[in-house]
Amino acid sequence: MPPRPPNYEFQEWWNKERLKAQGLLSPSTPQPSTAGDDASDSVAVEVGTPTTPAAAGKSRGRSPRQLSWLLLLRLHSSASLLASLPSRLVVLLRTAGRRIYTSNSRTAPASRLYRLIRAFLVVAILLLVLELAAYFKGWHFSPPSYASAEALEFIYANWLMIRVTYLAPPVQTLANICTVLFLIQSVDRVVLTLGCFYIKLRGLKPVAQVDYGNQRELDGGNAIDVDEYPKVLLQIPMCNEREVYQQSIAAVCAQDWPRERMLVQILDDSDDVEVQHLINSEVQKWQQKGVYIIYRHRLIRTGYKAGNLKSAMSCDYVKDYEFVAIFDADFQPAPDFLKKTIPHFKGNADVALVQARWAFVNKDENLLTRLQNVNLSFHFEVEQQVNGIFLNFFGFNGTAGVWRIKALEESGGWLERTTVEDMDIAVRAHLCGWKFIFLNDVKCLCELPESYEAYKKQQHRWHSGPMQLFRLCFSDIVLAKVSFFKKANLIFLFFLLRKLILPFYSFTLFCIILPLTMFLPEAHLSAWVVCYVPGIMSVISILPAPRSFPFIVPYLLFENTMSVTKFNAMISGLFKFGSSYEWIVTKKLGRSSEANLVAYAKNDPEQSVESNIHRASSESGLAELNKLDLTNKAQKAKMNRIYRKELALAIILLTASVRSLLSAQGIHFYFLLFQGISFLAVGLDLIGEQVS
């Protein structure tokens, strides 16, 4: 019997799979083929993509032997992953222990909320000890007598009487109130989602009456006169933004708009002299390229961002401009941003704001950025778009938007009374009768916070500011000469439901009442409140980001974990606690800056001839960057930290899960267990950027 010929097809497939598994071959990158010799000992294999239809069909068809080897490869990868789990767990435990040991969080003063949570933790542990003793003595099945001489039996009998008579009724009442609020907020989210589906189904979107695309008119094909372009002011407020100042300035200066019809203002509030020098040098570099750009630095930094913008709008030359576009320091608008936003003002004299959507350059960086992407995708795709289409009103996002300067002036301009100056001006403009337009198909690149510390500070400011504003403008809303519907929408939906009730019930219901019902079984929280409705709401929230469906459970748990920060911020803003007026600039890392600047250079013929569009252009600039680099290395290394409120709540929830296990409450046990683990991971700063 002649020997079986070698299976070159299988050999080719096997080598390709092996290279892919080792990371040496990208599936989309063809490799050059090597000419082989039948007489040689080695077999030459072409790993590239087949070019002929026959070869393509041959490559697509796999024999049973190939499928068996593929299955073995997959099993090998899975076994390697399982084998690495113990070592990863050990590393995780060591990291957690090291952070607890080296944490300096005890030096910070304890907040009011933390003291309350700590007291609740002590009570929960004492109750768990009492319930464990009662369980092992069998008192869950036959309650003890009040007349017993044994001290523990007497204590437990009186505890049963107290919880049934005095504690369970108010807890059950509070649980019912929070459940009703939860259902109202869920209905609001469902209605917004249905509105988004209707918009998609009908193809509704704002349509501009003019088009500045390619500087040509749609009908005649003649070039538009430069004087037909409105004059636009572009502002970039920044403060110590050493990581991102180059990319933001370059992106704004590369706008496809007549240079004589736009002026760029760099509003620098930096208190670092070196950063001031670098930003000023970058501005001078763009001035030499012919861009109308100026550098402004305030000596007295009052009012934070609002004060910075207010100071810039007080310049005499601002009266010559019709619109102002605002970009935060980490935002990188596309070259056609103005051409896609400014046309929506033409023919709409009552439009004050055109807001673009945010897109994120680092949404896949870690678990924290993925979960933020889910939240913000729903915010823009559903909330902003639906409110823009049906109500012509939404909260200004503070950046990536274009304002009509006349509307800003008539609404009172920028005010420094809150930390959400963007929402403040939007509410006042709405009360003056101005309309807003949201463009869901115009995206502006920006950066998400990658560390939990930066994200927590950002969320604290975003949730304390609205309560400050609600306190200050409530009387203005009531007395405003607008329709009752607009007043009701602002008070009940915009402020109360979405800014106050949401953080209140999410923290109270899932972090306080649910653990309490484990120790007070007479107060009951239904399984559909704990599991089913939150699960449905999570599915709805994740619809605008379908690629994030694998993270639906972490998203649900993380949203409940963040409720403690949002609740604390809401209370601080509502009752004027000191922390509500803190403004901390969100830390940026300058992700994807160089690649984006290269793209701008390619899109702008005038700029592409200059190779230094994204580099320092002089010897002094390079020397300054080197000096900064040395300074950064000399600074104290950044470390992850622990968060006491989250850790205390983690222990409370895990304690309650043990109590629910004694009562055989399955759904409640699993929810409390996984929610406690989520709080534990966040409390130990194991989510987000790891720098320790």
Side-chain angles (χ1 to χ4, degrees), residues 185 187-189 191-196 198-199 202 204-208 323-326 341 344-345 347-358 376 378-415 418 420-442 462-463 465-502:
Q185 198 275 333
V187 170
D188 174 63
R189 181 152 291 217
V191 170
L192 287 173
T193 305
L194 292 176
C196 183
Y198 180 80
I199 291 173
R202 299 296 299 271
L204 303 178
K205 66 176 184 178
V207 179
F323 304 104
V324 55
I326 303 171
T341 54
H344 290 274
F345 289 99
N348 298 313
D350 56 350
V351 171
L353 168 68
V354 175
Q355 172 74 59
R357 179 174 177 169
W358 298 359
L376 291 172
F378 184 86
H379 169 69
F380 286 107
E381 183 85 17
V382 179
E383 292 177 344
Q384 297 290 76
Q385 185 174 208
V386 170
N387 288 325
I389 291 292
F390 295 107
L391 301 178
N392 296 120
F393 168 72
F394 47 83
F396 174 44
N397 294 116
T399 177
V402 183
W403 277 91
R404 190 188 297 271
I405 294 180
K406 178 183 178 182
L408 281 177
E409 295 172 347
E410 290 187 358
S411 303
W414 300 105
L415 298 181
T418 70
V420 283
E421 74 294 327
D422 45 8
M423 185 182 294
D424 190 355
I425 186 63
V427 170
R428 286 183 282 119
H430 182 58
L431 294 178
C432 291
W434 291 97
K435 296 181 179 179
F436 302 163
I437 291 177
F438 177 75
L439 302 179
N440 190 55
D441 54 349
V442 179
W462 285 4
H463 286 82
M467 290 298 97
Q468 301 173 25
L469 181 60
F470 180 63
R471 217 175 1 90
L472 295 171
C473 70
F474 177 76
S475 59
D476 296 333
I477 296 174
V478 174
L479 300 176
K481 297 180 179 180
V482 295
S483 65
F484 174 79
F485 174 77
K486 286 186 177 181
K487 295 180 181 180
N489 174 65
L490 274 174
I491 294 175
F492 295 107
L493 290 181
F494 187 76
F495 280 112
L496 291 181
L497 182 60
R498 297 167 188 166
K499 302 297 188 296
L500 189 148
I501 290 177
L502 176 59

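Being a predicted model, the structure only gives us computed values, none of them experimental. FYI, the numbering just counts along the sequence from 1.
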### Task
Using a 4.5 Å cut-off on heavy atoms from C-beta on, say whether the side chain of His344 contacts that of Pro206.
yes
### Task
Determine whether Arg498 and Leu192 make a side-chain contact, defined as any pair of heavy atoms from C-beta on separated by less than 4.5 Å.
yes
### Those residues that, when tested against His463, pass ring-ring contact (aromatic ring centres under 6.0 Å, His included) (two or more places apart)
none
Hey, can you pull the donor-acceptor pairs under 3.5 Å for the side chains in residues 397-408, sequence neighbours left out?
{"unit_1": "Asn397", "atom_1": "OD1", "unit_2": "Gln384", "atom_2": "NE2", "d": "3.0"}
{"unit_1": "Asn397", "atom_1": "ND2", "unit_2": "His379", "atom_2": "NE2", "d": "3.1"}
{"unit_1": "Thr399", "atom_1": "OG1", "unit_2": "Asp328", "atom_2": "N", "d": "2.8"}
{"unit_1": "Arg404", "atom_1": "NE", "unit_2": "Val351", "atom_2": "O", "d": "2.9"}
{"unit_1": "Arg404", "atom_1": "NH2", "unit_2": "Phe345", "atom_2": "O", "d": "3.4"}
{"unit_1": "Arg404", "atom_1": "NH2", "unit_2": "Asn348", "atom_2": "O", "d": "2.9"}
{"unit_1": "Arg404", "atom_1": "NH2", "unit_2": "Val351", "atom_2": "O", "d": "3.3"}

#### Entry: Atom pair CH2 (Trp358) and CG (Leu376), whose distance is rounded to the nearest 0.5 Å
6.5 Å
### Message
Can you list everything that forms a salt bridge (charged side-chain N to carboxylate O under 4.0 Å, His left out) with Asp476? Sequence neighbours excluded, please.
### Response
none
### Query
Considering residues at least two apart in sequence or located in another chain, which fulfil the ring-ring contact (aromatic ring centres under 6.0 Å, His included) criterion with Tyr198?
none
### Query
For Gly195 and Val386, which heavy atoms make the closest approach, and how far apart are they?
C-CG2, 3.8 Å
### Task
Identify, with sequence neighbours excluded, every residue that meets salt bridge (charged side-chain N to carboxylate O under 4.0 Å, His left out) alongside Asp424.
Arg417, Arg428
#### Entry: Rounded distance (nearest 0.5 Å) linking atom OG1 of Thr341 with atom CD of Gln355
10.5 Å
## Note on the structure
Separation between OG1 (Thr193) and CZ (Arg189), nearest 0.5 Å, reads 7.0 Å
### Task
With the side chain counted from C-beta on, respond yes when Phe494 and Val427 share a heavy-atom pair under 4.5 Å apart, and no when they do not.
yes
### Message
Could you check, using the six-membered ring where one of them is a Trp, whether Phe474 and Phe495 have ring centers closer than 6.0 angstrom?
### Response
no
### Query
Can you tell me how far OG1 of Thr418 sits from CZ of Phe470, rounded to the nearest 0.5 angstrom?
14.0 Å
### Query
Is Phe380 close to Gln385 at the side-chain level, that is, under 4.5 Å between some pair of heavy atoms?
no
### Query
CD1 of Ile501 to CZ of Phe492: how many Å apart, nearest 0.5 Å?
9.5 Å
### Evaluation steps, side-chain contact (heavy atoms from CB on, under 4.5 Å), between Gln185 and Leu497
CA-CA 7 Å; Gln185 198 275 333; Leu497 182 60; 4.1 Å; yes
Without placing hydrogens or testing angles, list every side-chain donor-acceptor pair under 3.5 Å for residues 479-491, not counting sequence neighbours.
{"unit_1": "Ser483", "atom_1": "OG", "unit_2": "Lys486", "atom_2": "N", "d": "3.3"}
{"unit_1": "Lys487", "atom_1": "NZ", "unit_2": "Val478", "atom_2": "O", "d": "2.8"}
{"unit_1": "Lys487", "atom_1": "NZ", "unit_2": "Ala480", "atom_2": "O", "d": "3.1"}

### Task
Identify the two heavy atoms, one from Ala429 and one from Ser411, that lie closest to each other, and give their separation to 0.1 Å.
CA-OG, 3.2 Å
What pairs of donor and acceptor atoms, side-chain ones from residues 433-441 against any protein atom, are under 3.5 angstrom apart with sequence neighbours left out?
{"unit_1": "Lys435", "atom_1": "NZ", "unit_2": "Asp350", "atom_2": "OD2", "d": "3.4"}
{"unit_1": "Asn440", "atom_1": "OD1", "unit_2": "Arg357", "atom_2": "NH1", "d": "3.0"}
{"unit_1": "Asn440", "atom_1": "ND2", "unit_2": "Glu381", "atom_2": "OE1", "d": "3.3"}

